[in-house]
Amino acid sequence: MNPGATAPAPPDSREALLARAQQLAGHTLAEVARQLGWRVPADTRREKGWIGQLLEAALGATAGGAAEPDFPHLGVELKTLPVDARGRPRESTWVCTVPLRAGSLDWHDSWVRRKLRCVLWFPIESGADLRLAERRLGMPLLWQPSAEEEALLRRDWEELMDMICRGGLEQITARHGEALQIRPKGADSRALTDTVSGDGEAVRTLPRGFYLRSSFTRAIIERHYLVPKETM
DNA sequence: AGCTGATCATAT
DNA sequence: ATATGATCAGCT
């Protein structure tokens with residue numbers, strides 16, 4: 001991509017990955033981009049995935065496109081987490097596509113569970129008032145769901161998938177689900193995909209995705225980085 | 001102000 | 001069209 005760029009090799013352990021990520025904490029996006037020989041866009045309006053891709057490159061993730069974790073040999077998924085000045089997530093987090101055509105109803109087979117088995121959360125200052133180049137990386141966190149967290153995710157997933165299997169897809173809105181929600185995920189509202197209606201006919205519908213609510217990711221962050229009561 | 005539904009880029 | 005990476009923008 002750039003002649004002078006230095007793209008690191010993949011880390012050989014989760015510990016090495018976390019250590020490398022921790023070295024990036026506190027740095028601005030401009031600093032990270034310059035090390036890689038990347039230029040920083042003016043904003044993310046038309047390059048929404050730029051920050052995630054920058055960090056993938058900086059951490060030595062397997063480059064683009066594959067339907068597997070960012071670090072396949074480590075089983076680790078990288079997720080950037082836009083946070084406000086208080087360190088609270090500003091957005092929900094994309095997990096994976098909702099299977100609308102087939103698929104097991106067993107949580108243990110689900111893409112959601114597989115995707116979230118081990119996540120490297122990387123908080124980053126965000127907000128329209130912050131120039132992209134000057135945004136700073138926060139302290140990364142290598143997370144695996146606790147029994148309670150997994151039970152919550154499983155409950156939402158089973159409820160939502162049950163509605164879909166009973167032909168209730170069109171009744172599902174982003175208001176369903178305590179931690180995990182379903183929202184449209186496509187190029188735009190005209191993009192369609194195949195599914196099966198409640199009557200069993202083949203029909204077209206919006207592609208959907210699973211997202212983690214920001215309340216859920218906020219709880220993860222706050223559980224691991226305790227902050228003084230008066231700021232909460 | 002937070003949330004839901006819509007949208008943007010790139011690679012395969 | 002589907003996968004990857006997410007954020008935008010209007011409504012409540």
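Order of the sequence lines sets the chain letters (A, B, ...), proteins ahead of strands, with each chain counted from 1.
- Residue A:Gly49 is in base contact, counting any heavy-atom pair closer than 4.0 Å across all strands shown.
- Distance A:Gln53 CD to B:dT10 C1': 7 Å, rounded to the nearest Å.
- With the nearest nucleotide of DNA chain C identified for both A:Ile124 and A:Trp111, A:Trp111 has the one nearer the 5' end.
- Atom CD1 of A:Ile182 and atom CG of A:Leu100 lie 8.0 Å apart (nearest 0.5 Å).
- Residue-level contact check: A:Glu77 touches the backbone only, with heavy atoms under 4.0 Å from sugar-phosphate atoms and none from bases.
- A:Arg135 places a side-chain N or O within donor-acceptor distance of the main-chain N or O of A:Leu130, the cut-off being under 3.5 Å.
- Shown here for A:Cys118 and A:Gly75, the closest heavy-atom pair between the two residues is CB-O, 3.6 Å.
- With A:Lys79 contributing its side chain and A:Trp94 its backbone, the two residues share a donor-acceptor pair below 3.5 Å.
- Contact annotation: A:Ser92 side-chain N/O to C:dA6 OP1/OP2 distance is not under 4.0 Å.
- Donor-acceptor pairing under 3.5 Å, judged by distance alone, is present between the side chain of A:Lys185 and the base of C:dG5.
- One finds a salt bridge joining A:Glu149 and A:Arg223 here, because a Lys/Arg side-chain nitrogen approaches an Asp/Glu carboxylate oxygen to under 4.0 Å.
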Identify all pairs in which a protein N or O lies below 3.5 Å from an N or O of nucleotides 8-11 of chain C, and state each distance.
unit_1 : atom_1 : unit_2  : atom_2 : d
C:dC8  : OP1    : A:Thr44 : OG1    : 3.4
C:dC8  : O4'    : A:Lys48 : NZ     : 3.4
C:dC8  : N4     : A:Glu91 : OE1    : 3.2

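- Here A:Thr93 lies out of heavy-atom contact (under 4.0 Å) with every strand.
- With hydrogens and angles left out, the side-chain atoms of A:Arg183 and A:Ser92 include a donor and acceptor closer than 3.5 Å.
- Atom pair A:Asp84:CG and B:dA1:C1' shows a separation of 11 Å (rounding to whole Å applied).
- Using a 4.5 Å heavy-atom threshold, the side chains of A:Val112 and A:Cys96 count as touching.
- Within 4.0 Å of A:Pro207, counting heavy atoms only, lies no atom of the nucleic acid at all.
- Protein atom CG of A:Asp129 is 12 Å distant from nucleotide atom P of B:dA1, rounded to whole Å.
- Spacing between atom CG of A:Leu55 and atom P of C:dT4 amounts to 18 Å, rounded to whole angstrom units.
- For the pair A:Leu100 CG and C:dA1 C1', the interatomic distance rounds to 13 Å; values are reported in whole Å.
- If you check every strand for non-hydrogen atoms under 4.0 Å, A:Arg208 touches nothing.
- Taking side-chain N and O atoms only, A:Thr80 has no distance below 4.0 Å to OP1 or OP2 of C:dG5.
- In this entry the distance linking CZ of A:Arg90 with P of B:dG2 reads 9 Å, nearest Å.
- Rounded to 10°, the helix from B:dA1-C:dT12 to B:dT12-C:dA1 has 30° between the axis fitted to its first five pairs and the one fitted to its last five.
- For B:dC8, neither phosphate oxygen OP1 nor OP2 lies less than 4.0 angstrom from any side-chain nitrogen or oxygen of A:Arg46.
- Taking CH2 from A:Trp38 and CG from A:Leu29, the interatomic distance works out to 11.0 Å, rounded to the nearest 0.5 Å.
- Judged by distance alone, with hydrogens and angles left aside, the side-chain atoms of A:Arg113 form a donor-acceptor pair with the main-chain N or O of A:His108 at under 3.5 Å.
- Salt-bridge formation is detected for the pair A:Arg190/A:Asp188: a Lys NZ or Arg NE/NH1/NH2 atom is positioned less than 4.0 Å from an Asp or Glu carboxylate oxygen.
- Look at CZ on A:Arg88: it is 12 Å from C1' on B:dA1, rounded to the nearest Å.
- As a whole-Å value, the separation of A:Leu180 CG from B:dC3 P is 16 Å.
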